[in-house]
J.: 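Take this structure, written in structure tokens, and hold onto it; I'll ask about it next.
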There are 2 protein chains.
Amino acid sequence: MTNNNSIRPINKAMNLEDIAAKAGVSRSTVSRVINNEPYVSAKTRTKVEAVIEEEGFSPNPAARTLVTQRTKAIGIVIPHILNAISSDDAYFSTLLRGITEVTTQRDHATLLWLEQTGDDEERFRRRILQNRMMDGLIVASAATNDPLFAHLIEAGTHFVTVERPTQFREHTNYVTIDNVTAAQTAVEHLIKHGRHRIATITGNLNISDGEDRLTGYRNALESAGIPYDTNLVIPAQFNRHNGYQGMKELLNFKFDAIFAANDAIALGVMQAARELGLRIPDDFALVGFDDMNIATQLNPPLTTIHQPVLEKGAHAANLLIDLIEGKVKTPQAILLPTELIIRESCGVKSKETG
Amino acid sequence: MTNNNSIRPINKAMNLEDIAAKAGVSRSTVSRVINNEPYVSAKTRTKVEAVIEEEGFSPNPAARTLVTQRTKAIGIVIPHILNAISSDDAYFSTLLRGITEVTTQRDHATLLWLEQTGDDEERFRRRILQNRMMDGLIVASAATNDPLFAHLIEAGTHFVTVERPTQFREHTNYVTIDNVTAAQTAVEHLIKHGRHRIATITGNLNISDGEDRLTGYRNALESAGIPYDTNLVIPAQFNRHNGYQGMKELLNFKFDAIFAANDAIALGVMQAARELGLRIPDDFALVGFDDMNIATQLNPPLTTIHQPVLEKGAHAANLLIDLIEGKVKTPQAILLPTELIIRESCGVKSKETG
DNA sequence: TTGTACGCGTTATCAC
DNA sequence: GTGATAACGCGTACAA
């Protein structure tokens with residue numbers, strides 16, 4: 001409104017110039033102090049810092065971004081909202097916590113991009129790709145063939161996934177767990193304890209987590225010389241409803257155990273079993289995946305694979321910011337450990353180890 | 001780097017000037033087209049739009065923010081992370097979904113600010129107050145006396161809370177539920193069905209949700225002429241562990257029902273009861289609050305108050321953006337409806353209505 | 001209806 | 001060590 005430097009409108013934030021005037025130096029010097037640059041005398045620095053402190057000044061991020069081309073913000077992208085944030089599940093909020101822990105610590109803001117139910121994919125992608133408020137992206141629960149990846153790579157945008165990539169592997173940084181081995185461990189545990197007709201209700205097979213857990217299941221059967229029976233493999237998605245439906249489909253066949261691709265699915269199985277008057281683990285054993293907090297609380301407590309979701313988020317954020325800051329060049333693949341947690345749903349006393 | 005307009009460095013984003021050149025018009029005309037301003041001939045507009053489309057151009061948000069003083073982004077602030085994101089709980093992620101649904105629809109970005117465990121409050125507050133990447137804030141699960149509010153009001157920052165404010169009421173926009181009445185309804189349901197020694201394990205009493213639910217509990221007792229027995233009131237926090245502990249404390253006293261201030265607490269109660277060999281609802285009735293998805297899944301299924309968390313988030317976001325856009329002036333208080341969901345934990349068949 | 005010119009608040013590049 | 005001054009990319013009075 002006014003061009004008069006001496007009178008600042010009320011409520012108008014201060015700027016470098018104002019601070020400089022108050023400190024009796026030039027704008028450039030204030031900038032140097034703020035950015036911790038050398039070549040400022042101790043005395044000047046102290047004076048300027050005092051004024052900054054006194055005024056509670058902080059530099060305008062938009063102006064800064066305009067010249068530095070950096071926003072000091074990252075984005076979290078969740079394309080498949082219905083799967084990822086099935087509200088049964090603490091996976092998502094735990095991941096967020098892990099991520100923000102690091103972004104906060106490393107002085108970055110965090111933008112959240114959830115694909116909405118009515119959204120078409122193309123618009124969602126454009127919204128993210130065109131938004132230039134972020135220096136990089138963490139992509140969670142995307143389909144392995146999601147076109148987003150091609151666009152990100154083409155645009156040269158830094159990104160990290162929390163699933164194993166199946167395409168563009170040489171361009172993709174990721175942090176995940178060894179889903180194949182973990183699932184295999186779970187199923188082998190069932191086999192070791194006398195279950196031989198083991199069914200599985202899978203997660204989304206277009207997400208590597210789902211795909212890999214099915215592979216682990218197959219591997220376990222194969223190692224034990226148990227034939228792979230497609231009747232016992234119910235393709236589904238990572239949510240409770242699918243577990244519930246899957247259980248009902250399985251009724252047509254004989255089985256003595258179910259490996260659920262995650263705990264939400266296991267929850268659905270338990271609900272169906274209960275309605276059908278089937279008892280776990282007496283009528284069939286059940287093993288889940290994720291170790292959500294609720295697992296101890298179920299009846300019976302759920303045997304499951306524990307995975308370090310918080311750490312996954314934290315590692316992803318660190319990796320992304322390292323990438324942005326140029327501290328990491330070659331594509332990184334970080335694998336986090338998992339653990340089989342034996343409770344009661346698998347029919348083995350939790351005292352005796354696997 | 002280069003001042004030569006005719007040669008753009010590879011990977012350098014286009015700007016208005018470039019588009020203008022390609023379209024054979026001036027920069028301002030392109031700006032007008034992008035901002036849907038009048039006084040552009042249909043022909044010019046079409047031409048410019050074609051170039052924009054062809055180049056996949058979108059304006060630099062930092063530059064835009066610098067001049068408009070608007071970021072088209074809002075922030076979500078969660079001060080009490082341990083309470084709000086107790087990983088038992090879908091409340092938080094559901095709220096996020098509700099919020100982002102609206103922010104997306106109204107073309108705003110969403111920033112996430114979670115107070116970290118090791119964080120001191122003062123630093124957290126500064127981080128938010130000094131960050132100018134947002135046009136307004138949604139504050140969730142803050143203590144009613146959180147100093148943040150005073151700062152926000154002083155700074156003239158638009159904000160909306162999803163709890164009832166106890167101070168600065170005339171300056172605070174909020175959307176919440178009628179916690180008092182809802183809690184009262186829950187407890188009256190217990191009374192009506194013969195329970196007279198009703199205990200409660202409260203939520204955080206420095207959050208209005210916790211305070212109000214306790215008030216509702218008192219009101220119900222009072223209406224029924226049941227004396228208020230402080231032995232039966234366990235001050236606690238909104239998480240499962242506190243429910244577990246609270247249940248154990250209650251063992252010293254006689255009671256025939258528990259009103260848990262949220263479902264997470266009820267979960268803890270159920271776990272403790274199970275370990276103690278107490279049966280619900282035979283040994284005591286139990287009612288929760290929230291109606292998290294898992295409630296149907298518990299043993300027994302949990303009677304609880306349903307609250308529309310998704311809608312809460314959506315209303316909050318709409319209200320905030322209305323505020324930012326100047327469409328709303330006087331402080332708004334939006335109250336959303338709740339409903340008592342009768343299942344089995346209260347000892348009443350779910351068929352017969354409370 | 002279109003174009004010119006200035007300002008938004010920084011950082012970066014020079015002189016001094 | 002310090003201070004002008006030119007970008008950064010956009011919106012917007014004002015002139016044409």
J.: Checking all strands, does B:Thr44 fall into the base, sugar-phosphate, or nothing category for heavy-atom contacts under 4.0 angstrom?
T.: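 Counting heavy atoms under 4.0 Å across all strands, the contact made by B:Thr44 is with sugar-phosphate only.
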
J.: Do A:Thr157 and A:Met134 have side chains that get closer than 4.5 Å, going by heavy atoms?
T.: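 When only atoms from C-beta onward are counted, A:Met134 and A:Thr157 do not touch, as no gap falls below 4.5 Å.
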
J.: Might you point out which heavy atoms bring B:Leu16 and B:Arg27 nearest each other, and give the distance in Å?
T.: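 Nearest pair, atom of B:Leu16 first, then B:Arg27: CB-CG, 3.3 Å.
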
J.: Testing the 3.5 Å rule here: is there a donor-acceptor pair between the side chains of B:Gln116 and A:Thr100?
T.: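 Note: B:Gln116 and A:Thr100 side chains meet the donor-acceptor criterion.
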
J.: From CZ of B:Arg64 over to C1' of C:dG7, roughly how many Å is that when rounded to an integer?
T.: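 It is 17 Å, rounded to the nearest whole Å.
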
J.: Please state how far atom CD in A:Glu17 lies from atom P in C:dT11, giving the value in whole angstrom units.
T.: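 After rounding, the gap between these two atoms is 13 Å.
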
J.: Do the side chain of A:Arg45 and the base of D:dG1 come within less than 3.5 angstrom through a donor-acceptor pair of N or O atoms?
T.: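 It does not, because no donor-acceptor pair links the side chain of A:Arg45 to the base of D:dG1 below 3.5 Å.
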
J.: Roughly how many Å is it from CE in A:Met14 to P in C:dC8, rounded to a whole number?
T.: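 Distance, rounded to whole Å: 15 Å.
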
J.: With a 4.0 Å heavy-atom cut-off, tell me which residues in residues 29-40 of chain A come close to DNA chain D, sorted by residue number.
T.: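 Residues of residues 29-40 of chain A that come under 4.0 Å of DNA chain D are, in numerical order, A:Thr29, A:Arg32, A:Tyr39, A:Val40.
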
J.: Atom CZ of A:Arg27 to atom C1' of D:dA4: distance rounded to whole Å?
T.: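 Spelled out: CZ on A:Arg27 to C1' on D:dA4 is 9 Å.
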
J.: Please work out if A:Leu16 contacts a base, only the sugar-phosphate, or nothing of the nucleic acid, heavy-atom cut-off 4.0 Å.
T.: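 Base: the residue A:Leu16, judged by heavy atoms under 4.0 Å, touches a nucleobase.
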
J.: For the residue pair A:Leu310 and A:Arg97, establish whether any side-chain heavy-atom pair is separated by less than 4.5 Å.
T.: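 In short, these two side chains touch, coming nearer than 4.5 Å.
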
J.: So, under a plain 3.5 Å distance rule, would you say the side chain of B:Ser28 forms a donor-acceptor pair with the base of C:dT4?
T.: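 Flag set: donor-acceptor pair detected.
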
J.: In whole angstrom, what separates B:Asn60's CG from C:dC8's P?
T.: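 Spelled out: CG on B:Asn60 to P on C:dC8 is 18 Å.
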
J.: Is the side chain of B:Asp18 donor-acceptor paired with the backbone N or O of B:Asn15 at a distance under 3.5 Å, no angle test?
T.: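 Such a contact is found between B:Asp18 side chain and B:Asn15 backbone.
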
